[in-house]
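As the structure is a computational prediction, the values presented were derived from the model and not from experiment.
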Amino acid sequence: MPVVWMLRRVASRLLQRPACGCQAPVLPSRFLGTSPQQIPADANFHSTSFSEADQPRVLITGGLGQLGVGLASFLRKRFGKDNVILSDIRKPPEHVFLSGPFIYSDILDYKNLREIVVNNRVTWLFHYSALLSAVGEANVSLARAVNITGLHNVLDVAEEHGLRLFVPSTIGAFGPTSPRNPTPDLCIQRPRTIYGVSKVHAELMGEYYYYRYGLDFRCLRYPGIISADSQPGGGTTDYAVQIFHDAVKHGRFECNLEPNTRLPMMYIDDCLRATLEVMEAPAESLSMRTYNVNAMSFTPAELAQEVLKHVPEFQITYNVDPVRQAIADSWPMNFDDSNARKDWGWKHDFDLPELVTTMLNFHGSESRVAQAN
């Protein structure tokens, strides 16, 4: 009898203890076998206005890549500096280190990742650690480890601790047999790069964890992202970032894609806003776990023509990289993002003229400061 009494006490405590600081009491999700109909309505953590007590505690993995630093700055303005933790395996620049919490985090080290989530009471996780398309093709085994094994660790930690998880996908998740103009949310994908394969894997695994365990997984397929204050990171669309650096510094640019290669693109401000909007969207408004988002679509020749309006002496030449060109030719020319616009009100702010003006103004002022110094 004492043994039975003790077992009843333990079971009672388990049932009374919340799964995390923001959820209603539930049994650990691995034992629920949830389907969409079984996921409780109060599993949604969304609130349009956060009080100081219930603001999300955010962790960003791979934070020193093209998007992580900008996302951290954007979220800190929304949720407070101390509520957003940037992480990476590299040493951060001094201005990044001083701008807010930064910690070492290796997504291939499951125990380390778990300790960070527990010790910092993380509730939202943005998983940006990945090797991009061209870099991944140069080191497939490392891309497989980072993009797939790392994802599995993140999914397990997020499920175990009831996190809201965002994993970005990409135009690289489509392949040459996909419809290209426009490309809908749901269609044949079949990418031919390790980067693309790993992103399809992430989309499907996230959706599986949502249906199987009730994990609040959210994903956007980004087009090419153009950012003023970061360096190109090895992606096939990075020509659209480098062109502005070279136009201001040298008045010329050598493009590694053919002039008529059309790809979907987005300015980083729109990208960061879309990411936050889908994370804050009420669960009941989401009809799918992965959405296309888009802003504009252009070719290198069209981009160069727009640059010429501001830099009359600008010249562009073409020295096509066959690897990057083959990748670009297998990707969408334009995204159909009508579901994002319908479900959670997505709307972009930057078209091509606004993009070029903003980028050249930024690099022009940066160049003048450098010359003055």
Side-chain angles (χ1 to χ4, degrees), residues 10-11 13-36 38-47 50 53-63 68 71-72 75 79-80 82-89 101-129 146 148-168 202-203 205-219 275-276 278-283 286 289:
V10 170
R13 285 180 181 175
L14 282 171
L15 288 169
Q16 291 170 5
R17 187 173 60 199
C20 72
C22 53
Q23 270 187 310
V26 292
L27 284 171
S29 57
R30 282 290 174 96
F31 300 99
L32 286 175
T34 51
S35 70
Q38 294 170 316
I39 298 169
D42 60 359
N44 172 37
F45 305 114
H46 171 72
S47 171
F50 292 89
D54 65 4
Q55 285 188 351
R57 293 277 295 169
V58 176
L59 173 66
I60 303 171
T61 66
L71 179 66
L75 295 179
F79 303 125
D82 294 334
N83 283 324
V84 180
I85 303 167
L86 201 60
S87 73
D88 210 303
I89 59 172
F102 182 92
I103 57 177
Y104 172 89
S105 175
D106 181 359
I107 59 165
L108 297 179
D109 184 341
Y110 180 82
K111 182 181 177 185
N112 170 248
L113 189 62
R114 197 174 178 212
E115 286 174 350
I116 290 169
V117 167
V118 171
N119 291 342
N120 294 281
R121 298 178 296 111
V122 171
T123 57
W124 285 15
L125 198 160
F126 293 81
H127 177 52
Y128 278 94
S129 297
V146 173
I148 296 178
T149 304
L151 170 79
H152 293 176
N153 289 340
V154 166
L155 284 167
D156 286 341
V157 167
E159 184 277 321
E160 181 182 1
H161 297 284
L163 310 185
R164 181 171 295 185
L165 174 63
F166 178 84
V167 179
E203 293 175 14
M205 287 295 292
E207 189 171 326
Y208 172 75
Y209 270 60
Y210 167 73
Y211 286 121
R212 180 67 179 84
Y213 304 122
L215 173 66
D216 193 352
F217 173 86
R218 304 182 183 205
C219 176
T275 302
L276 177 58
V278 77
M279 282 294 275
E280 289 190 323
L286 303 179
R289 294 290 105 190

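- Legend: residues meeting side chain to side chain contact (heavy atoms under 4.5 Å, CB included) with Arg121, ordered by chain and number and at least two apart, are Arg57.
- Residues passing the side chain to side chain donor-acceptor pair (under 3.5 Å) test with Tyr104: none are found, sequence neighbours excluded.
- Heavy atoms only, all atoms of each residue included: Leu86 and Ala72 are closest at CD1-CB, 3.7 Å.
- Of the inter-residue distances, the one linking Phe126 atom CZ with Leu276 atom CG reads 6.5 Å to the nearest 0.5 angstrom.
- Here the side chains of His127 and Ile107 are in contact, with some heavy-atom distance below 4.5 Å.
- Between Tyr213 and Tyr209, the two ring planes are perpendicular [angle over 60°; tilted spans 30° to 60°].
- Judged by distance alone, the side chain of Arg289 and the main-chain N or O of Glu207 form no donor-acceptor pair under 3.5 Å.
- At most 12 heavy atoms of other shown residues, nucleotides or ligands fall within 6.0 angstrom of atom CD1 in Ile89.
- Between Phe79 and Trp124, the ring planes lie perpendicular to each other; the angle is over 60°, past the 30° to 60° tilted range.
- In this structure, CG on Leu108 lies 10.0 Å from CG on Leu113, to the nearest 0.5 angstrom.
- Atom CD1 of Ile60 and atom CD1 of Ile85 lie 9.5 Å apart (nearest 0.5 Å).
- When all heavy atoms of Ala202 and Phe217 are compared, the closest pair comes out as O-CZ, 3.7 Å.
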Pair Leu59-Asn120, side chain to side chain contact (heavy atoms under 4.5 Å, CB included): steps then yes or no:
CA-CA 9 Å; Leu59 173 66; Asn120 294 281; over 6 Å; no

Quick one: do His161 and Val122 satisfy side chain to side chain contact (heavy atoms under 4.5 Å, CB included)? Show the steps, please.
CA-CA 9 Å; His161 297 284; Val122 171; over 6 Å; no

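- Atoms CG and CG, from Asn153 and Asp106 in turn, are 9.0 Å apart once rounded to the nearest 0.5 Å.
- One finds a salt bridge joining Arg218 and Asp216 here, because a Lys/Arg side-chain nitrogen approaches an Asp/Glu carboxylate oxygen to under 4.0 Å.
- Leu155 is listed as a side-chain neighbour of Leu151, based on a closest heavy-atom distance under 4.5 Å.
- For the atom pair NE2 of His152 and CE of Met205, the computed distance is 4.5 Å after rounding to the nearest 0.5 Å.
- Judged by distance alone, with hydrogens and angles left aside, the side-chain atoms of Ser105 form no donor-acceptor pair with the main-chain N or O of Asp88 at under 3.5 Å.
- Separating the OG1 atom in Thr123 from the CD atom in Gln55 is a distance of 10.0 Å, to the nearest 0.5 Å.
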